[in-house]
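The block underneath contains the structure these notes are about, expressed in structure tokens.
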Amino acid sequence: MLDSVLTPSLIQQLQQHLGSILKVDRFAAGHQHSWLLRTHSESWVLRLNQQQPCYGLDYQRESAVLQQLKGQPWMIEQHPLSLAGDFLLYRYQAGQALSDLSHFSPLLWQQLLQVLGSLPSLGKGLPEFDMRHYLQRYLLDITHPAAQHFKQQALRWFAAQSWPSGRAFNHHDLHLDNMLLGPQQQLLLLDWEYAATSMPGWDAASVAQRCPVSAQQRADLIALSGFAEAGFSQLEAAVELLDLAWYWQYQPSYSALAERSEGWLAKLASA
């Protein structure tokens with residue numbers, strides 16, 4: 001029996017365009033609104049519309065992003081049915097997830113640098129996003145008692161920063177889980193529901209903070225961002241702060257969370 005969360009009318013609409021749907025599997029982890037649909041010959045990913053403007057999540061914007069970036073070698077293929085706006089449907093991409101990657105090969109690194117170099121100018125006409133408000137909202141919404149000292153110190157740091165004034169298009173959720181190595185050894189980026197125009201350098205800092213980069217690769221990212229060391233370090237601290245705030249809200253039992261939070265504060269104190 002197909003997943004009962006998907007209405008019969010939706011299943012019927014999908015089958016008119018895709019053919020008989022043999023199986024529906026719900027994605028785990030952070031994809032509660034996503035399903036893998038299997039037909040006789042193909043697999044598709046279905047995402048039901050979800051919008052949380054204060055947290056930047058918008059699957060309808062993701063559809064617009066996929067449409068605008070169509071044809072880029074690192075993009076997934078959206079089905080035209082998505083353009084109706086009721087849901088997002090794109091072709092399931094086989095490949096090797098980079099979740100456990102220990103280092104970037106020279107070829108893979110050059111592909112990632114090319115993506116990061118081309119992204120900032122590709123968001124013309126797409127919605128803008130206030131990254132500062134986004135980060136501040138996450139901090140203000142931390143309620144866990146053990147995080148209150150960290151929260152207050154983080155808010156003070158946030159208020160004291162001078163943030164970049166330029167505009168650039170960002171993926172906003174770059175980490176290894178959202179990178180895939182395709183069958184032709186091509187790099188593909190997944191999960192564009194947070195993508196929007198915001199402050200420059202955020203994606204480069206995200207890769208530096210969340211991925212296993214060498215000192216030379218971090219230097220490549222700094223050069224690509226156009227920032228000096230101090231400005232780039234500020235963005236790295238902001239990326240880590242966002243990740244910590246997310247954990248305090250949604251996974252406060254994460255064993256290393258308190259230690260990581262104290263480490264973040266210690267790095268600021270020694271800067």
Side-chain angles (χ1 to χ4, degrees), residues 27-34 36 43-45 47 56-59 61-63 65-78 88-123 126 129 131 168-198 200-225 232 235-236 238-240 242-243 246-247:
F27 278 105
H31 301 89
Q32 298 94 333
H33 296 267
S34 300
L36 178 62
S43 294
W44 298 87
V45 176
R47 289 187 163 193
L57 179 66
D58 191 336
Y59 286 169
R61 187 176 63 227
E62 181 178 17
S63 179
V65 168
L66 294 182
Q67 181 68 13
Q68 177 144 327
L69 302 188
K70 180 180 178 181
Q72 297 292 338
W74 29 266
M75 287 297 294
I76 54 180
E77 180 186 349
Q78 180 177 211
L88 178 65
L89 183 68
Y90 58 85
R91 189 181 302 278
Y92 176 77
Q93 177 64 58
Q96 175 188 353
L98 301 186
S99 305
D100 298 322
L101 187 76
S102 60
H103 66 279
F104 287 95
S105 69
L107 177 60
L108 186 57
W109 183 247
Q110 287 306 312
Q111 288 188 67
L112 182 54
L113 286 182
Q114 289 173 3
V115 174
L116 294 174
S118 61
L119 262 182
S121 62
L122 292 177
L126 291 172
F129 183 61
M131 199 67 199
F169 182 69
N170 290 286
H171 178 284
H172 282 142
D173 198 24
L174 282 185
H175 49 76
L176 293 179
D177 289 346
N178 284 338
M179 299 181 191
L180 188 73
L181 193 60
Q184 306 302 318
Q185 299 300 295
Q186 78 275 27
L187 176 66
L188 298 162
L189 298 188
L190 310 176
D191 289 359
W192 292 84
E193 66 265 29
Y194 295 98
T197 295
S198 65
W202 187 267
D203 280 349
S206 296
V207 172
Q209 174 60 38
R210 296 168 172 167
C211 298
V213 299
S214 66
Q216 179 56 56
Q217 289 168 341
R218 181 176 180 271
D220 292 341
L221 293 169
I222 294 175
L224 187 68
S225 74
F232 193 78
L235 288 176
E236 287 177 301
V239 170
E240 185 176 11
L242 177 60
D243 291 346
W246 185 92
Y247 275 108

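- Separation of atoms CD (Q68) and CH2 (W192) is listed at 11.0 Å; rounding is to 0.5 Å.
- Residues L108 and L98 form a side-chain contact, since some pair of their non-hydrogen atoms from C-beta on lies under 4.5 Å apart.
- To the nearest 0.5 Å, atom OH of residue Y90 and atom CZ of residue R47 are 4.0 Å apart.
- A donor-acceptor pair is defined here as one N or O able to donate and one able to accept, closer than 3.5 Å; such a pair exists between the side chain of N178 and the backbone of D173.
- The local environment of CD in Q186 is crowded, with over 12 non-hydrogen atoms from other residues, nucleotides or ligands closer than 6.0 Å.
- For the atom pair CD1 of I76 and CG of L180, the computed distance is 10.0 Å after rounding to the nearest 0.5 Å.
- Under a 4.0 Å N-O distance rule, the pair R210/D177 does not qualify as a salt bridge.
- Between M131 and H172, some side-chain heavy-atom pair lies under the 4.5 Å cut-off.
- Using a 4.5 Å heavy-atom threshold, the side chains of L189 and M179 count as touching.
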Assess whether side-chain contact (heavy atoms from CB on, under 4.5 Å) is satisfied between L113 and F104, documenting all intermediate values. CA-CA 11 Å; L113 286 182; F104 287 95; over 6 Å; no
Test side-chain contact (heavy atoms from CB on, under 4.5 Å) applied to N170 and F129, step by step: CA-CA 10 Å; N170 290 286; F129 183 61; over 6 Å; no
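- Checked against M75 for a side-chain contact (heavy atoms from CB on, under 4.5 Å), the options V115, L66, L190 give a single hit: L66.
- Shortest non-hydrogen contact noted between T197 and G123 is OG1-O, 3.7 Å.
- Residues meeting the salt bridge (Lys or Arg N to Asp or Glu O under 4.0 Å) test with D220, sequence neighbours left out: none.
- In this structure the side chain of Q110 never reaches within 4.5 angstrom of the side chain of S105, judged on heavy atoms.
- Atom-to-atom distance recorded for E193:CD and H171:NE2 is 7.5 Å, nearest 0.5 angstrom.
- For the atom pair CD of Q209 and CG of D243, the computed distance is 7.0 Å after rounding to the nearest 0.5 Å.
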Test side-chain contact (heavy atoms from CB on, under 4.5 Å) applied to L221 and Q217, step by step: CA-CA 6 Å; L221 293 169; Q217 289 168 341; 5.7 Å; no
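- Annotation: the span from L112 atom CG to C211 atom SG amounts to 7.0 Å, rounded to 0.5 Å.
- Counting heavy atoms from C-beta outward, W74 and Q114 have side chains that stay 4.5 Å or more apart.
- The main-chain N or O of E62 is never found under 3.5 Å from a side-chain atom of Q78 such that the two would form a donor-acceptor pair.
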